[in-house]
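Since the structure comes first, as structure tokens, the remarks are kept for the end.
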Amino acid sequence: MNNYAILKNDKEYTIFEFNNQIIRFATSSKLEKYTKVIEWDNGYLVVMAKYKNMDEVEEYIDLIPILQNLYYDIDDFLKPIKEVKVEYAA
């Protein structure tokens with residue numbers, strides 16, 4: 001098991017992958033890609049993102065409410081994640 005998760009996007013969805021689990025949630029259709037993870041803080045992400053017709057911007061993703069809505073055991077799921085890496089969807 002890796003101790004890092006993957007963040008990427010595919011069309012209008014953000015995808016967060018860890019330990020063979022894939023969490024997809026809606027995002028802007030103008031999002032081209034995530035470019036960099038600046039900070040990972042146990043469910044809270046600060047990332048750089050590129051949108052159509054815009055310069056890179058800083059974005060914030062809070063996974064806690066998403067995981068709660070999916071009935072995850074949040075502490076068990078997040079505890080082993082030490083890092084989040086950006087990957088580009090194929």
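A distance of 8.0 Å separates CG of N2 from CZ of F18, quoted to the nearest 0.5 Å. The distance from the CD1 atom of I61 to the OG1 atom of T14 is 5.5 Å, given to the nearest 0.5 Å.
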Going through the checks in order, is the side chain to side chain contact (heavy atoms under 4.5 Å, CB included) test met by K85 and L7? CA-CA 6 Å; K85 297 180 181 183; L7 178 72; over 6 Å; no
Start with the C-alpha gap between F16 and L63, add the side-chain angles, then the distance that decides, and say whether side chain to side chain contact (heavy atoms under 4.5 Å, CB included) holds. CA-CA 9 Å; F16 188 86; L63 292 173; 3.6 Å; yes
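Using a 4.0 Å cut-off between charged nitrogen and carboxylate oxygen, E17 and K8 count as a salt-bridge pair.
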For residues 67-79, please give each side-chain donor-acceptor pair under 3.5 Å, one per line with the distance, not counting sequence neighbours.
{"from": "N69", "atom 1": "ND2", "to": "P65", "atom 2": "O", "distance (Å)": "3.4"}
{"from": "Y72", "atom 1": "OH", "to": "Q21", "atom 2": "OE1", "distance (Å)": "2.9"}
{"from": "D73", "atom 1": "OD1", "to": "D75", "atom 2": "N", "distance (Å)": "3.4"}
{"from": "D73", "atom 1": "OD1", "to": "D76", "atom 2": "N", "distance (Å)": "3.2"}

Just list the side-chain donor-acceptor pairs under 3.5 Å for residues 38-51, sequence neighbours left out, or say none.
{"from": "W40", "atom 1": "NE1", "to": "I81", "atom 2": "O", "distance (Å)": "3.2"}
{"from": "K50", "atom 1": "NZ", "to": "M54", "atom 2": "O", "distance (Å)": "2.4"}
{"from": "Y51", "atom 1": "OH", "to": "E59", "atom 2": "OE2", "distance (Å)": "3.1"}

Side-chain donor-acceptor pairs under 3.5 Å in residues 22-30, sequence neighbours left out?
{"from": "S28", "atom 1": "OG", "to": "K30", "atom 2": "N", "distance (Å)": "3.0"}

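For E32, the side-chain hydrogen bond (donor to acceptor under 3.5 Å, both in side chains) criterion is met by no residue, not counting sequence neighbours.
Smallest separation of non-hydrogen atoms from I6 and E87: CG2-CB, 3.4 Å.
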